Amino acid sequence: MTNYNPKKIEEYWQKKWEEDDFYRSAMDKDREKYYVLEMFPYPSGKLHMGHMRVYSIGDVLARFSRMRGYNVIHPMGWDAFGLPAENAAIENRVNPKEWTTKNIEHMKKQQKRLGASYDWQREVNTSSPEYYRWSQWLFLLMYKKGLAYKKKASVNWCNRCETVLANEQVEKGLCWRCSSPVETRDLEQWFLKITDYADRLLYDLDTLEDWPERVKIMQQNWIGRSEGAEITFRVKEFPDEEIRVFTTRPDTLFGVTYMVLAPEHPLVENLVRGTDKEEEVLAFVSQVRKESEIERTSEESSKIGLFTGRYAINPINGEKVPILIGNYVLMAYGTGAVMGVPAHDQRDFLFAGKYNLPIRTVIQPPGEKITAETMTEAYPGEGHMVNSPGFDGLSNKEGMREITEHLRKENLGGFRITYRLRDWLISRQRYWGAPIPIIYCDKCGNVPVPESDLPVKLPLEVELSGNRVPSLAHYPDFVNTRCPTCGGPARRETDTMDTFICSSWYFMRFTSPHSEKAPFDRESVDYWMPVDQYIGGIEHAVLHLLYARFFTKVLYDAGLVKVEEPFSRLLAQGMVYKDGSKMSKSRGNVVTPDEIVKKYGADTGRLFILFAAPPEKDLDWNDQGVEGCHRFLRRIWRLIDDFQPELKSTPDHPGNREEDVALERSLHVAIKKVTVDIQERFNFNTAISAIMELVNSIYSYRQSSPAEQQNGPLLNETLSKMVLLLAPFAPHLAEEAWSRLGHGDSVHQQSWPQYEPEKLQVDEVEIVIQVNGKVRGRMTVAANCSEEELVEAARGNDRIDQLLQGKKVVKTITVPGRLVNLVVR
RNA sequence: GCCGAAGUGGCGGAAUUGGCAGACGCACACGACUCAAAAUCGUGCGCCCUCCGGGCAUGUGGGUUCAACUCCCACCUUCGGCACCA
């Protein structure tokens, strides 16, 4: 008898797998490929439970798919650029590259110790020149296509990180990385024109059938498409000045009684110049501009408006309406100006009430009459148009169309779609990133670095004496260069790229990670892409997943790939909690993969993390639950350890006792359940419980069987197949067990077991007898019993017969194999 | 405010197509083994009652149905996304 020693077993097999280069993948056009990918990590230093969870899920799918016969690619790499490396560099006085390299080494060791089946030949590191060379190349591709541009704009600035941020990287007014408040600054920055792809990013969500609905909805909200009209108002006092507004309700145009401009609107200064309102208005404008994004958006109640003294002309009826400026109108959305229709917009209604602006109803709800004098809230619903000369009587839907069309003919507006999505701000005023490959020449302007000069290398000697790693602007050797066009003195762009650029295409690089001629070679990317199964945290629902989709579409348009969507199927895994809250140092509830591996082994850790909850739900870490899983593996170990095939010298036992048939059925039930649960439902928790049930059945079988039967071919087969089912979840124990059962090869090279439907059949079934829908008894009948026989048998049951005394059966319902329900009066 | 997800024993969770609610695991209790403990094996384990047997139970209140965790209506709570979005 031997004890289960996970450390010994796991280290032994890990070494062997590595020596045999076991998980290497290669293109094979005769075989169907399967690309399983976990979001690659930022090399922060060490793995946490979230990592362990995502890798466990991915590894189960990779191993399962291999056994199912697919040509599986399962790569891993490092999202290695980013600010933490700079902070750590200052703190520890160590070069960011060194810090990153050391972390990668350590984390890679940890990943290997978890037994994940990665093809390490394909490892990529986004901070290596071999990789970022192609990130730069892709930037230049976008530049040439007009998708990368530089402009001065009002942008998000994080004071703590000392850099700008993309809109997606601001969460509730705070920096996504350091949670300090984000300010607005007017700066000249590089952008990618993701808005050109807004419609495709939105509509192609419909093609992603195997994406979680919630992720698609988040992207949909983020893109924020709304249809409506753009309408041009003129300023009465300055007939040459136009104010354009965007509205989703052009049908209410006759109901406009005022107009509001954003304080930043370029027209504001002109409107009030030299008037008695000038001082007051400009003071208000500068006060609003000083407020941060949070201040300005948090005070929901205080919508402040200020009359400019000027009037606008409503293009539909020539009426003049007062022009106000208001703190609630955003320059960044629509046109920075809105028309006020108090009767049919609740916000306008309240605003009009506050500033005594007139209300005019122009839509009447069906079967009801509303008037401006009596209404207590706006009516934003459907109805027919009134007070709209020329359009009265139309439904408001027709009205939208007709009015928009009328304006279009008069050249005063037209149909328009507005998005909430903004262009992606990608330049960062930081050192540790891929340099933007642009050169500024006084003579030639902005000149892209020629492809042959890529990569533009990041200088690696870093000044670590201050409290910041200096940005590239502080390296004269880097900055000063020659213009590729005229050869004259020129300066390099000193901003680096957002790290999200590097992670927007890494999954394609994995298909040919050593390519020196292109970001990826055509044949490989066409064979392996798209990623069949992508797994990662929900926090990337809009960030990384939107950017990666955008990149893929750009590459598709450039004819570089044949897929328009990178990830066919997405699994957004839940978070790992303990004692009801997120694991964190300050709460002192952190459990690390290291300590679990040390105490119980990787197999136990993997098993628990998969067993404790379905993958997409949050998981509550429970130390005793881990013990339970460890106990389960020990139970398996004992089965294998006790099994002595050399005793199977009893061929006279054909294995057809009742217990034998039952055991065989348990095996096939388990095969079916585990297969369906992994493949179709991703319910690893129930797949594992099915294996537990099988193991329980084997234990009962052993208890009720003679010794020779306990070592016979039936048990041999049952144990072997059980080990195959276990292989994706606990790969080391399964490998050891497989070898101890006397099989050659690796368990991970075996075919996934098939269940035989006839083995699932039973002769007799237990049927529930209900009276008026309540369970009143049970009976065992032949499985092929007819419905009539079922009812007959149920009525013949003693207890049921008693209950039926003096009652009349008015209806019977039978569900074959399950129940009989007698409806009585 | 809008959109979405969820709510089941002491706990994590299961119930896949409307058909026995609580699989599997944890915790707990009892028994076996042991000098003892651990480990292991076995048994029990939703709540209540008058314990034969019956009643009540899947956030709350209604409804549909022979039958509802599952479908419909209204509401409550928690979590997530978006939000002066015009």
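Convention: sequence-line order gives letters A, B, ...; per-chain numbering from 1. Every value quoted in this text rests on a predicted model; they were computed, and no experiment measured them.
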>> I need a per-nucleotide contact map over nucleotides 61-66 of chain B, read 5' to 3'. Cutoff is protein heavy atoms under 4.0 Å; write B for the base, S for backbone only, - otherwise.
In response: -----B

> Would A:Asp199 and A:Arg225 pass as an ion pair if we require N to O under 4.0 Å?
Replying inline: yes

> Looking at residues at least two apart in the chain, or sitting in another chain, which of them share a ring-ring contact (aromatic ring centres under 6.0 Å, His included) with A:His544?
Replying inline: A:Tyr534, A:His540

> Considering residues at least two apart in sequence or located in another chain, which fulfil the side-chain contact (heavy atoms from CB on, under 4.5 Å) criterion with A:Arg214?
Replying inline: A:Pro212, A:Ile538, A:Ala572, A:Glu616

>> Is the ring pair A:Phe500/A:Trp176 parallel, tilted or perpendicular, if the boundaries are 30 and 60 degrees?
In response: tilted

>> In whole Å, measure the gap between the P atoms of B:A6 and B:U16 for me.
In response: 14 Å

> How far does the C1' atom of B:G59 sit from the matching atom of B:A5, given to the nearest Å?
Replying inline: 15 Å

> Sequence neighbours excluded, which residues qualify as side-chain contact (heavy atoms from CB on, under 4.5 Å) partners of A:Arg401?
Replying inline: A:Glu398

>> At under 4.0 Å between heavy atoms, how does the protein contact nucleotides 22-34 of chain B? Give one character per nucleotide, 5' to 3', with B, S or -.
In response: -BBSSS-------

> Heavy atoms under 4.0 Å, any strand shown: does A:Arg702 hit a base, just sugar-phosphate, or nothing?
Replying inline: nothing

>> I'd like to check the ring-ring contact (aromatic ring centres under 6.0 Å, His included) partners of A:Phe246; sequence neighbours left out, ordered by chain and number.
In response: none

>> Taking only the C1' atom of each, what is the distance from B:A23 to B:G13 in whole angstrom?
In response: 10 Å

> Taking the same atom, P, in B:G18 and in B:C69, what whole-Å distance lies between them?
Replying inline: 13 Å

> Going by distance alone, is a donor N or O of one side chain under 3.5 Å from an acceptor N or O of the other, for A:Glu789 and A:Ser786?
Replying inline: yes

> Quick one: A:Ile323 CD1 to B:A86 C1', roughly how many Å, whole number?
Replying inline: 17 Å

>> Distance check needed: B:C85 P versus A:Met339 CE, whole Å only.
In response: 15 Å

>> Looking at every heavy atom in both A:Arg53 and A:Met575, which two are closest together, and how far apart are they?
In response: NH1-O, 3.4 Å

>> Using O4'-C1'-N9-C4 for purines and O4'-C1'-N1-C2 for pyrimidines, with syn meaning within 90° of 0, is B:G9 syn or anti?
In response: syn

> Mind checking the C1' distance from B:G63 to B:G80? Whole angstroms is fine.
Replying inline: 31 Å

Detail all sub-3.5 Å separations between protein N/O atoms and N/O atoms belonging to nucleotides 79-82 of chain B.
residue, atom, partner, partner atom, Å
B:C82, O3', A:Arg420, NH1, 3.0

>> Both atom distances under 3.5 Å, Watson-Crick or G-U wobble: I'd like the secondary structure of RNA chain B as a dot-bracket string, with | for pairs made across strands.
In response: (((((((..(((......[....))).(((((.......))))).((((...))))..(((((..]....))))))))))))....

>> Strictly below 4.0 Å: does A:Arg818 bring a side-chain N or O up to OP1 or OP2 of B:A67?
In response: no

> According to the salt bridge (Lys or Arg N to Asp or Glu O under 4.0 Å) rule, which pairs have a member within residues 327-352 of chain A, sequence neighbours left out?
Replying inline: none

> Could you give the OH-to-P distance, from A:Tyr699 to B:G42, as a whole number of Å?
Replying inline: 8 Å

>> Please check this pair: side chain of A:Asp618 against backbone of A:Gly574, looking for a donor-acceptor N/O pair closer than 3.5 Å.
In response: no

>> Taking B:U70 as the reference, what is the distance to B:A86 when you measure between their P atoms (whole Å, please)?
In response: 36 Å

> Just how far, in rounded Å, is C1' of B:G12 from CG of A:Asp623?
Replying inline: 13 Å

> In whole angstrom, what separates A:Lys774's NZ from B:A21's C1'?
Replying inline: 14 Å

> Want to settle it: does A:Val815 or A:Asp348 sit nearer the 5' end of RNA chain B, counting the closest nucleotide to each?
Replying inline: A:Val815

Could you list the donor-acceptor pairs under 3.5 angstrom formed between side-chain atoms of residues 684-693 of chain A and any protein atom two or more places apart in sequence or on another chain?
residue, atom, partner, partner atom, Å
A:Thr686, OG1, A:Asp677, OD2, 2.8
A:Thr686, OG1, A:Asn683, O, 3.1
A:Ser689, OG, A:Thr686, O, 2.9

> For the ring pair A:Tyr577 and A:Trp621, is the centre-to-centre distance below 6.0 Å?
Replying inline: no

>> What's the gap between B:U60 and B:C82 when it is taken at their P atoms, as a whole Å value?
In response: 32 Å

>> Rounding to an integer number of Å, can you tell me how far A:Arg776 CZ sits from B:G55 C1'?
In response: 10 Å

> Does A:Arg347 make a side-chain N or O approach to OP1 or OP2 of B:A83 shorter than 4.0 Å?
Replying inline: no

> How close or far is atom C1' of B:U16 from atom CD of A:Gln679, stated in whole angstroms?
Replying inline: 14 Å

>> Once you apply a heavy-atom cut-off of 4.0 Å, does A:Lys672 come out as touching a base, just sugar-phosphate, or nothing?
In response: nothing

> Just how far, in rounded Å, is C1' of B:A86 from OH of A:Tyr419?
Replying inline: 17 Å

>> Could you check whether A:Asn221 and A:Arg420, counting side-chain N and O atoms only, form a donor-acceptor pair closer than 3.5 Å?
In response: no

>> So, using ring-ring contact (aromatic ring centres under 6.0 Å, His included) as the criterion, who are the partners of A:Phe284 when residues are at least two apart?
In response: none

>> Any base atoms under 4.0 Å from A:Arg778, or only sugar-phosphate, or nothing? Heavy atoms, all strands.
In response: base

>> Less than 4.0 angstrom from a charged side-chain N to a carboxylate O is my criterion; do A:Asp642 and A:Arg702 meet it?
In response: yes

>> Using atom C1' in both nucleotides, what's the gap between B:G53 and B:G62 to the nearest angstrom?
In response: 32 Å

> Of the nucleotides B:A86, B:C41, B:U16, which has the atom closest to the A:Gln703 side chain?
Replying inline: B:C41

> Excluding sequence neighbours, so at least two apart, what forms ring-ring contact (aromatic ring centres under 6.0 Å, His included) with A:His630?
Replying inline: A:Tyr4, A:Tyr600

> Syn or anti: how is B:C51 classified when any glycosidic angle within 90° of 0 counts as syn?
Replying inline: syn

